[in-house]
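This chain uses plain numbering: 1 for the first residue, then up along the sequence.
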Amino acid sequence: MSAVQPEVQQPAEPVSSRPGAVVRADLVPSLGVLCVVAVLGPPLGALWSWLAPPEFVARSALAPTPGGVLPFVGESEHRFDDMATFLLFGLAAGVLTGAALWLFRRRRGPLVLVAAVLGSLVGAWLAMRVGLWLAAAHYPDRAATGAPFPRAPVLESAWVIITQPFGVAVTYCITTAWNARDDLTS
C-alpha cells in the first residue's frame, strides 16, 4: 500500500454504443415481428387460391379407380403450375418481408431475423392451409354428375412452405453483409 498514486479507473463504455444483440430490448419487437409476419400468410393463401389454375377433368372408365376422373390433355401440367405459383408467391413475400424488416432501423439483429424466419414459416403454413381450403370451396367436386368439371388447385408437397422463410433469411443476411457497420445501423 503505497501512497504514490491512487489507481484511476476508466469509465465504462455506455451500453448503447456497444455492438451486439440486446436480448431484452429486442425480445418484444421480435415477438411483434413474428406475429405480424405470420398474419400475412392467410391473404397470401387467398391470393394463391384465386390465381392458381384449376385442372379440368372428366369421369372416365380408364381411370385407375372405379368412378375416377382423368385430366384433359395438357391439363395435368396445372399441378406444376399450382406449386410454382405458390413457390413464387412465397419467395416474393419472403424477399419483400426481409427488405422491409431491414428498412425498420430501430431494431436489427439476430433475434429479429429468427423471429422473421419463424413468422414466415408459420405464415407460409397458414397460406397453404387457407389457400387449399378456399380453392376446395371455390371448386366443388362434381365427379358424380358425369360432366367435365374443374378440379381445385392442389399442392402436392408441403415442402413449398420453406421458400418464404428462405427468402426472408437470404434477403436479411445479404443486407446485413452489405452493411459496413458492426452495429447494423445505416
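- Here the CG-CG distance, from Leu51 to Leu88, works out to 12.0 Å after rounding to the nearest 0.5 Å.
- At least one donor-acceptor pair under 3.5 Å links the side chain of Ser49 to the backbone N or O of Ala46.
- Taken together through direct or relayed side-chain contacts under 4.5 Å among Ile, Leu, Val, Met, Phe, Trp and Tyr, Val122 and Leu47 form part of one hydrophobic cluster.
- Heavy atoms only, all atoms of each residue included: Gly123 and Gln164 are closest at C-OE1, 4.3 Å.
- Tyr139 places no side-chain N or O within donor-acceptor distance of the main-chain N or O of Glu55, the cut-off being under 3.5 Å.
- For the atom pair CG of Leu118 and OG of Ser30, the computed distance is 10.5 Å after rounding to the nearest 0.5 Å.
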Going through the checks in order, is the side chain to side chain contact (heavy atoms under 4.5 Å, CB included) test met by Val117 and Phe166?
CA-CA 8 Å; Val117 168; Phe166 177 76; over 6 Å; no
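- A heavy-atom distance below 4.5 Å is found between the side chains of Leu155 and Trp48.
- In this structure the side chain of Pro53 reaches within 4.5 angstrom of the side chain of Asp82, judged on heavy atoms.
- Taking each heavy atom of Pro153 and Ala52 in turn, the nearest pair found is CG-O, 3.6 Å.
- Under the 4.5 Å side-chain criterion, counting only non-hydrogen atoms from C-beta, Phe56 is not in contact with Pro148.
- When side chains are defined from C-beta on, Cys173 counts as touching Leu113, because their heavy atoms get closer than 4.5 Å.
- Residues Gly167 and Thr171 approach most closely at O-OG1, 2.8 Å, considering heavy atoms.
- The backbone N or O of Glu156 lies less than 3.5 Å from no partner atom in the side chain of Arg79, so there is not a single donor-acceptor pair.
- Put simply, Val160 and Leu132 are part of the same group of oily side chains (I, L, V, M, F, W, Y) that touch within less than 4.5 Å, one to the next.
- Cluster annotation: Val39 and Val130 are assigned to distinct hydrophobic clusters (Ile/Leu/Val/Met/Phe/Trp/Tyr, side-chain heavy-atom contacts under 4.5 Å, transitive).
- Side-chain contact between Val154 and Met83 is absent, with no heavy-atom pair separated by less than 4.5 Å.
- Taking CZ of Phe86 as the start and CG of Asp81 as the end, the distance is 15.5 Å to the nearest 0.5 Å.
- The nearest pair of heavy atoms linking Val168 to Ala116 is CG1-CB, 3.6 Å.
- Expressed to the nearest 0.5 Å, how far CH2 of Trp102 lies from CH2 of Trp178 amounts to 11.5 Å.
- Atom CG of Leu40 sits about 10.5 Å away from atom CG of Leu126, to the nearest 0.5 Å.
- The cluster map of Ile, Leu, Val, Met, Phe, Trp and Tyr, joined by side-chain heavy atoms under 4.5 Å apart, puts Trp50 and Leu44 in the same cluster.
- One hydrophobic cluster, built from ILVMFWY side chains closer than 4.5 Å, cannot hold both Leu134 and Met128; they sit in different ones.
- Ser157 contributes atom OG, which lies 8.5 Å from atom CG of Leu87 (distance to the nearest 0.5 angstrom).
- A 6.0 Å sphere centred on CZ of Phe89 holds more than 12 heavy atoms belonging to other residues, nucleotides or ligands.
- Looking at heavy atoms from C-beta onward, Asn179 lies in side-chain contact with Arg108 at the 4.5 angstrom threshold.
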